[in-house]
Amino acid sequence: MEETEGEQIICGKTDMNREVSWSELVADLLGDIIGRLCVSDRVRFRAVCKSWRDAKPIACTSTSKLPWWVTVGRTDQNPTTALECRLYDPSYSLVEHVSVHTISFTELCIPALRWNRIRTFCKQGWLFISISERTRSSDSRIYFMLFSPLTKKLMQLPSLTPSYCFIQTFSSNPESADCVFLLLDAGNSHDFTVTTCRKGDKQWTVRKFERLGGFECSRPMFIRGLFYIVSCYGQLASYNVIEEKLNYESLYRDQDIARYDPNSPYRVFMRNGELMYNYQCNATKRFDWSNKVWIPVNITDPPALIVSDKYTFVEEMIEYLDSGCLVCSSNSSDIADLLHKSREYVFNSFFWLEPPLLQ
């Protein structure tokens, strides 16, 4: 009997001396196997046969503790008429992309752009892309689209010919009727120009406001129904989309932040409903709404530092933030190693992406 059982396992035969097909593996075993695979391997796994395709992981898990990244750039074959988005899963490969998607200008009624300028912002798994002809004048028409690398959904917004350099963002899930897309003037020293539209709008709405206190703006953060704009000195303003009003919450220049080089990277983000300001790598403050000042905060539960969408000084990821930042701990070297390698392999503009949950 023991010899027969051993023969079943090693040779893959039943008591009737019949060979067992790979497609007849028990569901629990298939579920355990597929639960250990990354996305790319799961796709290959499901392509083997029907029973493998129908296999369900024993538990719904994230593909990896490592963040994915997505690159956006021109295609080699059609650089004037298409964009290419490549999605990478570092738990599978740093060199081979999980998927690649080409966005054709022709399908979106966008003319060929010989020297196109691409601006991209990533949030909630969506890429907010603007593309225009690269010219010396400021009257070039700009085309806007949103693309989800994970679902391959594509949305188009009205085109625009702005007379200013802008920062682009949006409030919430782009598929929601409540989502507001916003462009903020980043260059004019005298005025704030706020340009908005919603899903289904045929054109953008433009509003101008007086710029006070030498306000130099960052990318707006959407919190509690308002877009909050923070300057490189810690000054704070808010824009109410419904009332179409700009309000200066504080023109006070934070002394700690003011000492920091305004030309160096800083990151404004939201965490647990609080507005945070990260500068000097790991120095972080939160805004005290009662006193209208920034208060130092130590993110130590668990021990963590703040990471931007481009680079990191830390290692293991803990959570993703709405602004595209990562909050990380320093318990392992996985992400530090990943970023070192990512600089070797990824040359285009890239953004972090939260790995999908696999069923």
Side-chain angles (χ1 to χ4, degrees), residues 72-75 78-85 102-123 126-148 153-172 174-212 215-222 227 229 231 237-246 348-349 351:
V72 183
R74 304 170 185 85
T75 63
N78 303 294
T80 64
T81 59
L83 291 180
E84 189 174 75
C85 295
T102 300
I103 301 174
S104 171
F105 294 174
T106 304
E107 295 177 4
L108 299 175
C109 298
I110 298 175
L113 304 173
R114 183 178 179 184
W115 300 106
N116 48 50
R117 180 195 301 271
I118 304 169
R119 296 184 181 91
T120 309
F121 170 61
C122 185
K123 175 180 174 179
W126 285 84
L127 298 173
F128 186 6
I129 304 170
S130 64
I131 184 167
S132 62
E133 187 79 41
R134 187 188 296 271
T135 64
R136 292 183 179 181
S137 64
S138 59
D139 59 354
S140 176
R141 194 149 196 85
I142 300 178
Y143 302 89
F144 300 91
M145 66 191 78
L146 288 106
F147 177 68
S148 170
K153 292 182 179 179
L154 180 66
M155 294 172 50
Q156 191 171 12
L157 298 178
S159 59
L160 183 68
T161 307
S163 58
Y164 55 87
C165 179
F166 59 84
I167 299 171
Q168 62 203 54
T169 188
F170 55 91
S171 62
S172 53
E175 295 184 288
S176 168
D178 297 328
C179 181
V180 177
F181 306 97
L182 183 143
L183 311 178
L184 180 65
D185 179 0
N188 193 319
S189 60
H190 303 291
D191 299 318
F192 259 124
T193 302
V194 180
T195 306
T196 60
C197 80
R198 296 176 183 268
K199 183 180 178 181
D201 286 354
K202 300 299 182 183
Q203 62 183 16
W204 293 81
T205 299
V206 181
R207 295 286 182 271
K208 287 185 178 291
F209 306 93
E210 182 182 4
R211 189 190 294 259
L212 301 179
F215 205 104
E216 297 290 338
C217 58
S218 65
R219 192 180 306 278
M221 282 296 304
F222 190 76
F227 282 101
I229 309 157
S231 80
S238 63
Y239 180 70
N240 188 312
V241 178
I242 297 177
E243 299 178 359
E244 298 182 340
K245 291 182 179 179
L246 181 76
N348 288 351
S349 172
F351 300 87

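Computed from a predicted structure; not experimentally measured.
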Steps toward side-chain contact (heavy atoms from CB on, under 4.5 Å) verdict (T195, T205): CA-CA 5 Å; T195 306; T205 299; over 6 Å; no

[X] side, atom [atom1]; [Y] side, atom [atom2] - distance, nearest 0.5 Å:
{"X": "S130", "Y": "L183", "atom1": "OG", "atom2": "CG", "answer": "8.0 Å"}
{"X": "F121", "Y": "L182", "atom1": "CZ", "atom2": "CG", "answer": "10.5 Å"}
{"X": "F209", "Y": "L212", "atom1": "CZ", "atom2": "CG", "answer": "12.0 Å"}
{"X": "D201", "Y": "T196", "atom1": "CG", "atom2": "OG1", "answer": "8.0 Å"}
{"X": "L154", "Y": "W126", "atom1": "CG", "atom2": "CH2", "answer": "8.0 Å"}
{"X": "F147", "Y": "C122", "atom1": "CZ", "atom2": "SG", "answer": "11.5 Å"}

ring-ring contact (aromatic ring centres under 6.0 Å, His included) evaluation trace for F192 with Y239: CA-CA 11 Å; F192 259 124; Y239 180 70; 9.5 Å; no

Is the closest side-chain heavy-atom distance between [X] and [Y] below 4.5 Å?
{"X": "T161", "Y": "S140", "value": "no"}
{"X": "L127", "Y": "C85", "value": "yes"}
{"X": "F105", "Y": "L83", "value": "yes"}
{"X": "Q203", "Y": "L160", "value": "no"}
{"X": "L146", "Y": "I129", "value": "no"}
{"X": "L113", "Y": "T80", "value": "no"}
{"X": "V206", "Y": "T193", "value": "yes"}
{"X": "M155", "Y": "F181", "value": "yes"}

Test side-chain contact (heavy atoms from CB on, under 4.5 Å) applied to V241 and R198, step by step: CA-CA 11 Å; V241 178; R198 296 176 183 268; 3.8 Å; yes

Presence of salt bridge, E175 and K153, under 4.0 angstrom: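 Judged by the 4.0 Å cut-off on N to carboxylate O distance, K153 and E175 do form a salt bridge.
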
Hey, is the main chain of [Y] close enough, under 3.5 Å, to the side chain of [X] for a donor-acceptor pair?
{"X": "E244", "Y": "R207", "result": "no"}
{"X": "Q156", "Y": "L108", "result": "yes"}
{"X": "K123", "Y": "S171", "result": "yes"}
{"X": "R74", "Y": "P79", "result": "no"}
{"X": "R117", "Y": "I131", "result": "no"}
{"X": "N240", "Y": "I242", "result": "yes"}

Tell me the closest heavy-atom pair linking [X] and [Y], and the distance in Å.
{"X": "K199", "Y": "P174", "answer": "CD-O, 3.9 Å"}
{"X": "F170", "Y": "C179", "answer": "CB-SG, 4.0 Å"}
{"X": "R211", "Y": "D185", "answer": "NH2-O, 3.7 Å"}
{"X": "F227", "Y": "V180", "answer": "CZ-O, 3.8 Å"}

Test log, rule side-chain contact (heavy atoms from CB on, under 4.5 Å), inputs R119 and F128: CA-CA 8 Å; R119 296 184 181 91; F128 186 6; over 6 Å; no

Polar side chain donor-acceptor pair, T169 to R219, under 3.5 angstrom: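 T169 vs R219: no donor-acceptor pair found between side chains.
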
Verdict with reasoning, I229 to L246, per side-chain contact (heavy atoms from CB on, under 4.5 Å): CA-CA 10 Å; I229 309 157; L246 181 76; 4.2 Å; yes

Ring geometry between W204 and F144 (parallel below 30°, tilted from 30 to 60°, perpendicular above 60°):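 Answer is tilted, since the angle falls between 30° and 60°.
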
side-chain hydrogen bond (donor to acceptor under 3.5 Å, both in side chains) partners for T81, two or more places apart: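 With neighbours one apart ignored, the set is empty.
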
